Amino acid sequence: MATIDKAYNAHAVEDRWYERWEGKGAFRGEIRDGAEPYCIMIPPPNVTGMLHMGHILNNTVQDIFIRRARLEGKAALWFPGTDHAGIATQTRVEKKLREKGLHRRDLGREKFVDEVWKWRDEHGGIILKQLRKLGASCDWERTSFTLDEHYSKAVLTAFVELYRRGYIYRGLRMSNWCPVSQTALSNEEVIMKPQKGLFYKMRYELVEQPGEYIHISTTRPETLMGDVAVAVHPDDERYKDLVGKHVWRPFPREKIPIIADTAVEKDFGTGALKVTPAHDVVDFEIGQRHDLPTLDVLNPDGTLNELAGEPFVGMDRFEARKVAAKKLEELGNLVETEPYENNVGFSERADVPIEPRLTMQWWLRYPKVEEARRAVTEGHIRFHPKRWEKTYLHWLETMERDNIDWCISRQLWWGHRIPVWYRKGIAAADRDYDNPEHVHVSVEGPEDPENWEQEEDVLDTWASSWLWPFANFGWPDEMESQASELSYFYPTQTLVTGFDIIFLWVARMVMAGLEFMGEAKESLEDADIAARIPFKDVYINGLIRDSKGRKMSKSLGNSPDPLDLIEKFGADGLRFGIVNIAPSGQDILFSEDRIEIGRNFCNKLWNAARFRQMSGESGDNSSLEAVLQRIDKEHLAAYDHWILGRLVETTAEVERCFAQFEVHAYPRALYEFFWSDYCDWYLEASKARMKDPATQATVLAVQDLVMRQYLQLLHPVTPFITEELWQNLGFSGEAGTFLQSTQLPVAGQLRSAIEQQLGQLDDQAQAEIEAIKELITRIRALKSEYNVASRRDVPFYLLAEGDGREIVESHLQTILNLAQIESLEAVSERPEGMPAGVTALGTAFLDLAQAIDVAAERQRLEKELAKLEKGIKAGEAKLGNEKFLNSAPEAVVQGARDQLAATKARHEEIQMLLNSLPNG
RNA sequence: GGGCGACUAGCUCAGUUGGUUAGAGCAACUGGUUUACACCCAGUAGGUCGGCGGUUCGAGUCCGUCGUCGCCCACCA
């Protein structure tokens, strides 16, 4: 057995074990006959990503689940991988090219994509290396990437199938356009941000009444060249007479009609709206209703085009805004400007305002929406905490109600190119999408590729990641095989993710699973749903914020580098700390102070193990049975029964935490048991018996038993230190197997193993030890209050009778040791002039051998008396109430009786003490 | 505008189906070189559980209402 260093050196331990685990394939997840499968699919981070605090929490939780599953004997598989992250990655490489003065068009599609692959191979996937530092036990041999060949095949197959099933269509619609990335975006990729700007009030001259004007407010004068009408509300009395007349658009100067439409708010601005169908969603709808033309004055890159007229051609949209305002002023059309703040949609990736733009895109009508709803309402999929179900269902509802389809095409090069080919020589306008002579849709492509041109667009990244739970297992090829990993591991067990992507990802995965993981069907039965869902439990982890409650972000600089934290606190410390403060799906306010507890805890654990090692030779620790063999039940004390009982309870509590997904309660229960019960009380109490040759072996064996079970319970959250101690304390036996491949006894098994060997655990011991603890605490408090806390030579007396006296007798040495007192002599009369403390076992008196401050002692006792009186009043009121006696459960009534009796006894004793104080 | 959530000790949070006189960590204060641990030990202080009302024998817990704060969705140019 290796000796244990005085200070816990996390780094050496962590690096060493991770290497061994990975080297020995300890994380490999495989089909194992007879074992229950347990699979977690990692939410694939962006291949460009770096580890941040959110990842730490998310992946620690996943690792806890997967390691626990291994200890429970399940065939556990944590499937890792990364996402190609279309826009993010392409933007990254384009930026690099720009530094060399190049644009992606200079390279051409093929060369550019090569460049991105090269970049990925060099810089991508850093995050996966960082996850190893954290201790993540992913099956790295399976590391998947959404652009891998097999994965791409799944993505294209899904597209082709959905197309054939009628869910996918191509359409000219308003969509979100990013002028920097020059692609369409889905609503989810657009972030609304409040922007300070100006509100321009303009006047347009009436054509029919020269010299008269209508006032219009706008925030975007640069688009007025695209105006095709002015709209007012039909009920607006101010403008009623003007509807049907015309105004002069100032530039390019043209007649445009005044129309009435209910989309206009009478009370907003001037109540008159300039209608620019090409550049605003509402305006576009108004345009549709009134059959207005669409004048697009912007180029795809956000500069103005020929339709805008000079001097705007080629000018950037923000520059044009200023120039347009100036020109309006010169022409006398600008009435006033005022500061204004409104919400503007920004491209999530490029962080520039998006343009609503009329473009031809591919759209997907979501499949199996109703079934996705039922999957949750009927309990096939459970959210933890449960309330997130509401968010999920709310999303589905909105989507269905508002008929929101998913824009799945992106005008990028990095991604899955849409598997659609157009026959050469047929103009886009003449294309008939239902005619296979015109449009070819397949995974393999047409047989005569020379006659076809492939669609330029690629698919939205989410249109690949929504297949993650089954594409990674070889769908669609593996669908037929009953012996496949797909049929063994799917549906996966638990998904761990953030609430922000419940719709973006979680709901879509559910829909994809329901649509594809079985034969094509219009609607599904319950049994179909149960078989097709991608996961059974969804654990939603909270969002990490800084200590002031702000979101962590690069620009605020309030996001610590997790690797620094690992450096400082150790991976185990960080893991324990972050899970310990992670409440159930609530936001988490992060501060380093709160992580310290994790490091301190590891140190405590380390030292307890060290103490064990220093206390005596280890016996055979290679199995629970071997440890039990070393315990002589004749030498077991109440303390031993108590700590073993607590160990069984703690094991059960941990089981409950996992069953109910109370991830934060799990480390808390472990912390309390170990620090308070085991270290502060049990170890301290057993020190005397460890020195006694007669009892030493038994006491050490009990410690070993506790440590053995405890390390197994704790391992999922702090894998490194537990593995190190497991090996150092000899629990692995000769074989040297890893802790995580051992089997954890459940509470029932543990109890029966103990009782089979040692006889029934004494449940009375619990109450007895609690009473002894109270007595010791009272004595310590008395010493502290009388400033003799550090003295060990003070004598105490105990006034007790019957049981109390006996119990104290049997624990006398422990009490003297833990309370640090000279003696505790039994007396039958109250000694006078001594400060006293009343406990359930009896009254303890501190012999100061000098006069006490009677007034202070009286005050102290009276304070306690008042507290007890309050309790007695409450108890009597309760027990005097017949309705309480009749309706409360017997146990509650009895509890109240017992408590009242105890309180009264204590009250009486304190009263006696007060009476016995000298006057003064 | 629609939805979700929070409010418990100075701070951050526990508190499982209503059932003893509400807990922890940190911070504060007092005292400790107890040969496992100062990343420690012992002790003290600190809360009318956001307000009001209701249900109940009994409410931190359930219901209503108000207040404050946060998040998500929508986005009036």
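Just the heavy atoms: all of them, side chains too, but no hydrogens, waters or symmetry mates, feed the values below. These figures come from a predicted structure and were not determined experimentally. Chain letters run A, B, ... following the sequence lines, proteins first and then strands; every chain starts at 1.
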For nucleotides 57-63 of chain B, which of its nitrogen or oxygen atoms have a protein nitrogen or oxygen under 3.5 Å away, and what is each distance?
unit_1: rC57(B); atom_1: O2'; unit_2: Asn881(A); atom_2: ND2; d: 2.7

Note to self: Tell me whether the side-chain N/O atoms of Tyr340(A) come closer than 4.0 Å to OP1 or OP2 in rA77(B).
What the structure shows: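 Looking at the OP1 and OP2 atoms of rA77(B), one of them is under 4.0 Å from a side-chain N or O of Tyr340(A).
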Check: Just checking Val275(A): base, sugar-phosphate only, or nothing, at a heavy-atom cut-off of under 4.0 Å?
Finding: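 Since no nucleic acid heavy atom lies under 4.0 Å of Val275(A), the category is nothing.
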Next item on the list: State which residues pass salt bridge (charged side-chain N to carboxylate O under 4.0 Å, His left out) with Lys870(A); sequence neighbours excluded, sorted by chain then number.
Entry: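 With sequence neighbours excluded, Lys870(A) shows a salt bridge (charged side-chain N to carboxylate O under 4.0 Å, His left out) to no residue whatsoever.
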Item checked: Sequence-distant partners of Glu355(A), salt bridge (charged side-chain N to carboxylate O under 4.0 Å, His left out), two or more places apart -> Arg220(A), Arg317(A)
What integer number of Å spans the [atom1] atoms of [N] and [M]?
N	M	atom1	answer
rG15(B)	rU56(B)	P	28 Å
rC49(B)	rA9(B)	C1'	10 Å
rU30(B)	rU35(B)	P	25 Å

Atom-to-atom span, [atom1] of [X] to [atom2] of [N] - whole angstrom:
X	N	atom1	atom2	value
His233(A)	rC76(B)	NE2	P	15 Å
Gln660(A)	rG15(B)	CD	P	11 Å
Leu879(A)	rG19(B)	CG	P	17 Å
Arg401(A)	rG3(B)	CZ	C1'	10 Å
Glu653(A)	rG15(B)	CD	C1'	12 Å
His907(A)	rU21(B)	NE2	P	17 Å

Check: Where along nucleotides 68-74 of chain B does protein come under 4.0 Å, by heavy atom, of base (B) or sugar-phosphate alone (S), with - for untouched nucleotides?
Finding: ---SSS-
Item checked: Letter per nucleotide, 5' to 3', of nucleotides 30-46 of chain B [B base touched, S only sugar-phosphate touched, - untouched; heavy atoms, 4.0 Å] -> ------BB-BSSSSSS-
When you compare the protein's N or O atoms with those of nucleotides 7-12 of chain B, which come within less than 3.5 Å of each other, and at what distance?
unit_1: rU12(B); atom_1: O2'; unit_2: Arg594(A); atom_2: NE; d: 3.3
unit_1: rU12(B); atom_1: O2'; unit_2: Arg594(A); atom_2: NH1; d: 2.4
unit_1: rU12(B); atom_1: O2'; unit_2: Arg594(A); atom_2: NH2; d: 2.5

Note to self: Do the side chains of Arg373(A) and Glu400(A) get close enough for a salt bridge, i.e. N-O under 4.0 angstrom?
What the structure shows: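 Salt bridge between Arg373(A) and Glu400(A), a charged N being under 4.0 Å from a carboxylate O: no.
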